[in-house]
There are 2 protein chains.
Amino acid sequence: MDLEKPIAALNNPVRRDILGWLKDRSNFPPPLPGHEGIEGVCVGYIQDKAQLSQSTISNYMGLLKQVGFVVAERHGQWTFYRRDEAKIQAFLAAFNDELSKR
Amino acid sequence: MDLEKPIAALNNPVRRDILGWLKDRSNFPPPLPGHEGIEGVCVGYIQDKAQLSQSTISNYMGLLKQVGFVVAERHGQWTFYRRDEAKIQAFLAAFNDELSKR
DNA sequence: CCAGCATATCGAGATATCTCGATTTATGGA
DNA sequence: TCCATAAATCGAGATATCTCGATATGCTGG
């Protein structure tokens, strides 16, 4: 696995925060009516919590998606993002491997 | 532990390479006469291997030292750098903890 | 003390990242 | 169809990082 882009994606405190918040849906307001069964959190909620502009958060989520740390799912006009635990673990394994002596 | 600076230090392929090379002394030429017992590798050897300017490598080693990934030891006019395995492991543990779900 | 070598520090130009507001695209409702 | 809302994309200024050459510092041998 190439670590370059994943590490760059994590080299930002807000992006790391977002990944942290996404561990637990209850870090965000309850789903809107009609969204109850959907996994993940919409961009607007993430933006409200991060307190950065809409375009910045959209950009951040795009970066996190590019490196596989999150998965996006569109429902109507909303995009729901959630963590991809397997990809995150795979990265952590590769990262540990590259850094650890043996 | 604050992850900001350590992650930034690792957000560079040459700095990661250097940390990798330092896992094994045999990645570098044998010690000069008089340096046989000394742990670590001098800046010049690292520079030769990395193929970047002396000032860049000195800067890189300073960054890696600041975040604790390497230890510097001066012997005469040479500075010998070696990995601090405990610090690296401590960082990896904190990093895993921040990223993993539980 | 001086010359020479290893390393560190300084200053700067090139490049990349951050973050924004404005605009565009996509969707759903009246 | 028109409008409103959510999200993505675009373009740009501010800031940070990369990397260099030049210079400074520190050490050693003569």
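Side-chain atoms are counted along with the backbone in the values below, which use heavy atoms only and exclude waters and symmetry mates. Quick note on labels: first sequence line is chain A, next is B, and so on, each numbered from 1.
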Counting only heavy atoms and a strict 4.0 angstrom limit, can you tell me which residues of [range] come near DNA chain C?
| range | result |
| --- | --- |
| residues 41-49 of chain B | B:C42, B:V43, B:G44 |
| residues 75-83 of chain A | A:G76, A:Q77 |
| residues 7-21 of chain B | none |

Please report, rounded to the nearest Å, how far the [atom2] atom of [N] is from the [atom1] atom of [X].
| X | N | atom1 | atom2 | result |
| --- | --- | --- | --- | --- |
| B:N59 | C:dG11 | CG | P | 14 Å |
| A:R74 | D:dA8 | CZ | P | 7 Å |
| B:L32 | D:dG29 | CG | C1' | 16 Å |
| B:L64 | C:dA8 | CG | P | 12 Å |
| A:E73 | D:dA8 | CD | P | 13 Å |
| A:L63 | C:dT17 | CG | C1' | 10 Å |
| A:M61 | D:dA6 | CE | P | 17 Å |

(message) Donor-acceptor check, side chain of B:R83 to backbone of B:L19, threshold 3.5 angstrom: yes or no?
(response)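 Checked: pair present.
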(message) Looking at B:R15 and B:A8, would you say the former's side chain and the latter's main chain have a donor-acceptor pair under 3.5 Å?
(response)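 It does hold such a pair.
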(request) Report yes if at least one side-chain N or O of A:T56 is closer than 4.0 Å to OP1 or OP2 of C:dC20; otherwise report no. (result)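 Checking A:T56 against C:dC20: at least one side-chain N or O falls below 4.0 Å of OP1 or OP2.
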(message) Does a side-chain N or O of A:S53 approach OP1 or OP2 of C:dC20 to a distance below 4.0 Å, or not?
(response)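 Answer yes for this pair, as a side-chain N or O of A:S53 is under 4.0 Å from OP1 or OP2.
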(request) Before giving the answer on side-chain contact (heavy atoms from CB on, under 4.5 Å), spell out for A:F95 and B:N96 the whole-Å C-alpha distance, their side-chain angles and the decisive distance to 0.1 Å. (result) CA-CA 10 Å; A:F95 189 69; B:N96 271 268; 5.9 Å; no
(message) Once salt bridge (charged side-chain N to carboxylate O under 4.0 Å, His left out) is applied, what residue pairs with a partner in residues 66-78 of chain B remain, sequence neighbours excluded?
(response) B:E73-B:R82
(request) Sorted by first residue and then second, give each salt bridge (charged side-chain N to carboxylate O under 4.0 Å, His left out) pair with at least one member in residues 90-102 of chain A; sequence neighbours left out. (result)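 Checked against salt bridge (charged side-chain N to carboxylate O under 4.0 Å, His left out) - neighbours excluded - the pairs reaching residues 90-102 of chain A are A:E98-B:R16.
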Would you check if [X] and [Y] make a side-chain contact, meaning some heavy-atom pair closer than 4.5 Å?
| X | Y | value |
| --- | --- | --- |
| B:V67 | B:L10 | no |
| A:V71 | A:F80 | no |
| B:L63 | B:F69 | no |

(message) Heavy-atom count check: over 12 atoms from other residues, nucleotides or ligands less than 6.0 Å from A:K23 NZ?
(response)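 Count over threshold, so yes.
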(message) For A:K65, I'd like to know if atom NZ has over 12 heavy atoms of other residues, nucleotides or ligands within 6.0 Å.
(response)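 No, not enclosed.
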(request) Assign A:L52 to base, sugar-phosphate, or nothing according to its heavy-atom contacts below 4.0 angstrom with the strands shown. (result) sugar-phosphate
(message) Applying salt bridge (charged side-chain N to carboxylate O under 4.0 Å, His left out), can you list everything that pairs with B:K87, at least two apart in sequence or on another chain?
(response)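 B:K87: salt bridge (charged side-chain N to carboxylate O under 4.0 Å, His left out) contacts with B:D84.
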(message) Can you say whether a donor on the side chain of A:Q54 sits under 3.5 Å from an acceptor on the base of D:dA6, or the other way round?
(response)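 Side chain to base: no pair below 3.5 Å.
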